[in-house]
J.: 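Pasting a structure here, questions to come.
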Amino acid sequence: MDNISYLTTPIYYVNAQPHLGHAYTTVVADVYTRLGRLVGRDARLQTGTDEHGDKIAQAAAAESVEPKQYADRISDMFRQTWPPLHIRYDRFIRTTDPDHIKVVQEILQKVYDAGDIYFAKYGGNYCVGCERFYTDHELVDGKCPDHQTEPVYIEEENYFFRMSKYQDWLLEHIEAHPDFIRPERYRNEVKSFLAEPLEDLCISRPKTRLTWGIDLPFDDRFVTYVWFDALINYVSGLGWPDGRDFAKYWPHAQHLIAKDILKPHGIYWPTMLRAAGIEPYQHLNVHGYWSVGESKMSKSVGNVVRPLELAQVYGPDAFRYFLMREMTFGLDANFSQDLLVERYNADLANDLGNLFSRVLNMMARYRDGLVPEPSSKSDQRPGPDPRAQAAEDTLPPLRTMDQPWLRSSTMKELSWRTTQYYQAQMDVFAFRRALEALWDLIGAANKYVVATEPWTLAKDLDQAPKLDQVLYRLCQVLADVTVMVWPVMPAVAEKMAACLGLAGVTTDKIRGGLLAKIASGQALLGPGTQTQKPRPLFPRIETDKVAAKAAKAEKKAGGKKSARPQTKPRAELVAIEDFARLDLRVGVITEAGPIEGADKLLRLMVDLGEDAPRQLVAGVAAHYSPQELVGMRVVVVANLKPAKLRGVMSHGMLLAGSQGKTMKILQPDPELPPGAKIK
RNA sequence: GGCGAUGUAGCUCAGAUGGUGAGAGCAUGCGGCUCAUAUCCGCAGUGUCCGGGGUUCAAGUCCCUGCAUCGCCA
């Protein structure tokens, strides 16, 4: 298996704000990249924005700003969307980056010199209002559908890429590499495109029509159009032609796209690479669409229309899990708040969260939280069970765990096999299968608890070794689960690891190879490891349905007063929605100065990633000098009602902690850019 | 209009090369446990596998056709 990987998302066009589709693609890319890091790969992830073209120029003109200014703003919105979703990329590329522009021109020149770009004239129906050509089919009664005017027939000269020349080569390449485009349905689709003769690709626009683009190096009356700009980001981001990253990562390149841009990536891009003398990418991974449905959810939880806001409401990790689990990669899927809450409660709160909770509570209660010595032979012997290894080729009959005779050795074997299967499935983008298998393991662990009844064993001192064995095994399973959960839910996995005393998950340097360690049959938690009782990983989301069910269950229990009053008003607790009302942002202090007549206050200018820095008044003069504040990264309450302090307006508040007389300003991680949202 | 995809339990969907009585989760009903986030475990149902033809010893799975939905292209 490759020990290097390079995965890209498309670069997103800056004519729209980030939405669920962008988020899905980017989350998938992050999960895959994290999986790579988990198995010890040097994994690189690139995303970015596509910023040239008509639409951007028009949108900018509508706002009376320069295209670059407009692109800057939207591009920044994309950049800031990812960190809150726990997405980490290695490069955020923009098509307006100088190094990208240079590479685009070099490749254009190279292909031109090779004779694969030619100049030609073509004519068509042109609508002056739309500034574009229409085909006969698009016209309504011979008129432009938008303007209801007759188009004029004009002739225009443009540059064309000789794509047809590479048609046969591409078809052969696809035949020879069955997983070049996957899943298979999209490979078939590309093949059917190629069954028809390919037309050459128009790659320019005259500057009389469009100036917001990259100049053709061989004719400055033209700019290049769309694909010879955008697609090239995948190699320009690596420093083609002689960058070290290019040599290292390109041989392992994989692209990730939604099905709407299959043709450019499945046909244009490989032929472009071929013409430029660059090896084709390894895989093109194609996913489907989310259709966003109405929520039937009750008012008690509140309706949130925008999916990305749900990520903040229910937590980014739960959101990521939902996306990965709910969609079969390649097919379309539905998104709604109801579905999200259903998955959350069933899979995360009840299955995983509760398993974690019950095991660690028993650990604390029966063994002071210390991982016991195993008493069974199979656990004293390192390495996977030979029987399990022999069964490897019969993967994945994981649903064999319905037997009531669950034993420790069975759990060990199942855990081991799940790891193998999980890794293999994740690696081919079958995330759903991988997660189903992982949840089968979680389910088996829950069954194992019921089958062994640790609470009964605990009552009999003679059963101590047996109890040790059961708890030992459960702890190991939880550790294995934690590792597998990490690519999908990194923050949750880190919490789990902390409770388990599992080292390695949180640290890049030693995380690599954890899966391999499990595969070799080693226990992740040694006897004597201190575990801690957790707070619920995923507090249940109370819906009307759940409340009704609880009430019903109580009634059935004989109408006795429940030990736990179910509707205790808790004034001191706030709901997550309440917290979400706060708009906390990362900022950088750009100026700091005293305020006349106030010895505790300072006037600050803070860059929150907005158009201009904001003015804040902060009571930190007794603890910080203006000089040491400039350049400091801070956390700001951005939607605080403005107030006037000593005659100076303050538009926000920065966060600090105090202990006795000392007071320290909260300083976020340097990886968070100004404007990054905090939650 | 052309190409392609999808249509399986009330809901969301798996069914990898055609082959044991068609599956999972959720929802529903019943039972068990009490370590746990009123969670967990067990049991129970319900399906003209979109309609109609065909190939085959055998089709949810392959072929043809019709309908519905979606995507790409023109």
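Chain letters run A, B, ... following the sequence lines, proteins first, then strands; residues in each count from 1.
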J.: Less than 3.5 Å apart, any donor N or O on the side chain of Tyr321(A) or Glu326(A) sitting next to an acceptor on the other?
T.: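 No, no side-chain donor-acceptor contact under 3.5 Å.
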J.: Considering only atom C1', compute the distance from rC3(B) to rU8(B) and round it to an integer number of Å.
T.: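 These two C1' atoms come out 26 Å apart once rounded.
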J.: Taking the side chain of Glu342(A) as heavy atoms from C-beta outward, which of rC26(B), rU12(B), rC40(B) is closest to it?
T.: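 Among the listed nucleotides, the one closest to the side chain of Glu342(A) is rC26(B).
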J.: Taking atom CD of Glu199(A) as the centre, report whether more than 12 heavy atoms of other residues, nucleotides or ligands fall under 6.0 Å from it.
T.: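 No - once you tally the heavy atoms of other residues, nucleotides and ligands closer than 6.0 Å, there are 12 at most.
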J.: Is Arg432(A) close enough to rA24(B) that one of its side-chain N or O atoms is under 4.0 Å from OP1 or OP2 there?
T.: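 It does not, given that no N or O in the side chain of Arg432(A) lies less than 4.0 Å from OP1 or OP2 of rA24(B).
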J.: How close or far is atom P of rC41(B) from atom CD1 of Ile442(A), stated in whole angstroms?
T.: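 Whole-Å distance recorded here is 11 Å.
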J.: Any base atoms under 4.0 Å from Ala346(A), or only sugar-phosphate, or nothing? Heavy atoms, all strands.
T.: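 Answer is sugar-phosphate: Ala346(A) comes under 4.0 Å of backbone atoms only.
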J.: Can you see if the side chain of Arg433(A) gets near the phosphate of rG15(B) - specifically, an N or O under 4.0 Å from OP1 or OP2?
T.: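 For Arg433(A), the contact criterion (side-chain N or O under 4.0 Å from OP1 or OP2 of rG15(B)) is met.
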J.: I'd like a table of donor-acceptor pairs (distance under 3.5 Å, sequence neighbours excluded) in which one partner is a side-chain atom from residues 353-365 of chain A, with atom names and distances.
T.:
{"from": "Ser357(A)", "atom 1": "OG", "to": "Asn361(A)", "atom 2": "ND2", "distance (Å)": "3.4"}
{"from": "Arg358(A)", "atom 1": "NH1", "to": "Asn446(A)", "atom 2": "OD1", "distance (Å)": "2.8"}
{"from": "Asn361(A)", "atom 1": "OD1", "to": "Lys533(A)", "atom 2": "NZ", "distance (Å)": "3.4"}
{"from": "Asn361(A)", "atom 1": "ND2", "to": "Ser357(A)", "atom 2": "O", "distance (Å)": "2.8"}

J.: Could you check how far CZ of Phe335(A) sits from P of rC70(B), rounded to whole Å?
T.: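 Result: 21 Å.
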J.: Can you list, by residue number, the residues of residues 352-359 of chain A that have a non-hydrogen atom closer than 4.0 angstrom to RNA chain B?
T.: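 Of all residues in residues 352-359 of chain A, the ones placing a heavy atom under 4.0 Å from RNA chain B are Gly353(A), Asn354(A), Ser357(A), Arg358(A).
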J.: Considering only rU39(B), rC26(B), rU12(B), which nucleotide approaches the side chain of Glu326(A) most closely?
T.: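 Selected nucleotide: rU12(B).
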J.: Once you round it to whole Å, what is the distance between P of rC73(B) and CD1 of Ile261(A)?
T.: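 One finds 11 Å between P of rC73(B) and CD1 of Ile261(A), rounded.
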J.: Check every atom of rA36(B), rG71(B), rA16(B) against the side chain of Tyr421(A) and return the nucleotide holding the closest atom.
T.: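 Looking only at heavy atoms from C-beta outward on Tyr421(A), the closest nucleotide is rA16(B).
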J.: Both Lys259(A) and Tyr366(A) contact RNA chain B. Taking the nearest nucleotide for each, which residue is further toward the 5' end?
T.: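 Its nucleotide being nearer the 5' end, the pick is Tyr366(A).
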J.: In this structure, is the centre-to-centre distance between the rings of Phe322(A) and Tyr314(A) below 6.0 Å?
T.: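 Judged by ring-centre distance (under 6.0 Å), Tyr314(A) and Phe322(A) do not meet the cut-off.
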J.: Where the side chain of Leu331(A) is defined as all heavy atoms beyond and including C-beta, which of rC41(B), rA36(B), rA14(B) is the nearest nucleotide?
T.: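 For Leu331(A), the side-chain atoms sit closest to rA14(B).
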J.: With rounding to whole Å, what would you report as the distance between rG54(B) and rG18(B) at their C1' atoms?
T.: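 So the two C1' atoms sit 15 Å from each other.
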J.: Compare side-chain N and O positions of Asn188(A) against OP1 and OP2 of rG4(B) and report whether any pair is under 4.0 Å apart.
T.: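 No, because none of the side-chain N or O atoms of Asn188(A) sits under 4.0 Å from OP1 or OP2 of rG4(B).
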J.: Quickly work out the Glu189(A) CD to rU6(B) P distance and round it to whole Å.
T.: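 After rounding, the gap between these two atoms is 10 Å.
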J.: What's Pro539(A) touching, base or sugar-phosphate or nothing? Going by heavy atoms closer than 4.0 Å.
T.: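 The residue Pro539(A) makes base contact.
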J.: What integer number of Å spans the P atoms of rC13(B) and rU39(B)?
T.: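 These two P atoms come out 25 Å apart once rounded.
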J.: Considering only side-chain heavy atoms of Asn361(A), which listed nucleotide, rC35(B), rU12(B), rC26(B), is closest?
T.: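 Nearest nucleotide to the side chain: rC35(B).
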J.: Any side-chain N or O of Lys447(A) less than 4.0 Å from the OP1 or OP2 oxygen of rG42(B)?
T.: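 True: Lys447(A) side-chain N/O within range (under 4.0 Å) of rG42(B) OP1/OP2.
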J.: Which residues satisfy the side-chain contact (heavy atoms from CB on, under 4.5 Å) test with Glu373(A), sequence neighbours excluded?
T.: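 For Glu373(A), the residues satisfying side-chain contact (heavy atoms from CB on, under 4.5 Å) (neighbours in sequence not counted) are Pro527(A).
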J.: What interatomic distance, in whole Å, is found between C1' of rU65(B) and the corresponding atom of rU55(B)?
T.: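 It comes out at 15 Å once rounded to the nearest Å.
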J.: More 5' along RNA chain B: Trp455(A) or Lys263(A), using each one's nearest nucleotide?
T.: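 The 5'-side residue here is Trp455(A).
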J.: For the residue pair Tyr281(A) and Tyr234(A), is the inter-centroid distance of their aromatic rings smaller than 6.0 Å?
T.: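 No.
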J.: Distance between the C1' atoms of rC62(B) and rU17(B), in whole angstroms?
T.: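 So the two C1' atoms sit 12 Å from each other.
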J.: List the residues meeting side-chain contact (heavy atoms from CB on, under 4.5 Å) with Ala16(A), not counting sequence neighbours, and say none if there are none.
T.: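 So Ala16(A) forms no side-chain contact (heavy atoms from CB on, under 4.5 Å) with any residue.
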J.: Please determine if a side-chain N or O atom of Thr328(A) lies less than 4.0 Å away from the OP1 or OP2 oxygen of rA14(B).
T.: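 So the side chain of Thr328(A) is within the cut-off, an N or O lying under 4.0 Å from OP1 or OP2 of rA14(B).
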J.: Among all residues two or more places apart in sequence or in another chain, which pass the side-chain hydrogen bond (donor to acceptor under 3.5 Å, both in side chains) test with Tyr225(A)?
T.: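 Expected list: none.
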J.: Measure from the side chain of Ser192(A), starting at C-beta and using heavy atoms only, and say which of rC72(B), rC35(B), rG4(B) lies closest.
T.: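 Of all the options, the side chain of Ser192(A) is nearest to rG4(B).
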J.: CD1 of Ile267(A) versus P of rC73(B): gap in Å, rounded?
T.: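 These atoms are roughly 12 Å apart.
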J.: Using the side-chain hydrogen bond (donor to acceptor under 3.5 Å, both in side chains) definition, which of the options Arg473(A), Gln463(A), Arg367(A) pairs with Asp468(A)?
T.: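 The side-chain hydrogen bond (donor to acceptor under 3.5 Å, both in side chains) with Asp468(A) is passed solely by Arg367(A) among Arg473(A), Gln463(A), Arg367(A).
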J.: If you only use heavy atoms from C-beta on, which nucleotide in rC70(B), rC40(B), rC35(B) is closest to the side chain of Asp332(A)?
T.: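 Closest of the options to the side chain of Asp332(A): rC70(B).
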J.: Nearest to the side chain of Arg365(A), which nucleotide is it out of rC35(B), rU37(B), rG71(B)?
T.: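 The closest nucleotide is rC35(B).
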J.: Of the listed nucleotides (rC35(B), rC3(B), rU37(B)), which one gets closest to any side-chain atom of Leu537(A)?
T.: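 Minimum distance to the Leu537(A) side chain belongs to rU37(B).
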J.: Starting at CG of Asp347(A) and ending at C1' of rA24(B), how long is that distance when rounded to a whole Å?
T.: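 Spelled out: CG on Asp347(A) to C1' on rA24(B) is 11 Å.
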J.: For a quick test of reading the model: is some side-chain N or O of Arg185(A) closer than 4.0 Å to OP1 or OP2 of rU6(B)?
T.: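 For rU6(B), OP1 or OP2 has a side-chain N or O of Arg185(A) closer than 4.0 Å.
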J.: Given rU39(B), rC3(B), rU37(B), which nucleotide is nearest the side-chain atoms of Asn350(A)?
T.: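 The answer is rU39(B), which lies nearest to the side chain.
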J.: Whole angstroms only, please: what is the CG-C1' distance between Leu194(A) and rC3(B)?
T.: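 Atom-to-atom, Leu194(A) to rC3(B), this comes out as 13 Å.
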J.: Throw together a table of side-chain donor-acceptor distances under 3.5 angstrom for residues 180-187 of chain A, partners on residues two or more places apart or in other chains.
T.:
{"from": "Arg182(A)", "atom 1": "NE", "to": "Asn285(A)", "atom 2": "OD1", "distance (Å)": "2.6"}
{"from": "Arg182(A)", "atom 1": "NH2", "to": "Gln254(A)", "atom 2": "OE1", "distance (Å)": "3.0"}
{"from": "Arg182(A)", "atom 1": "NH2", "to": "Asn285(A)", "atom 2": "OD1", "distance (Å)": "3.4"}
{"from": "Tyr186(A)", "atom 1": "OH", "to": "Gly330(A)", "atom 2": "O", "distance (Å)": "2.5"}
{"from": "Arg187(A)", "atom 1": "NE", "to": "Pro178(A)", "atom 2": "O", "distance (Å)": "3.4"}
{"from": "Arg187(A)", "atom 1": "NH2", "to": "Ile174(A)", "atom 2": "O", "distance (Å)": "3.3"}

J.: Whole angstrom is fine here: how far is it from CD in Glu453(A) over to P in rA36(B)?
T.: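 My rounded result for the distance is 15 Å.
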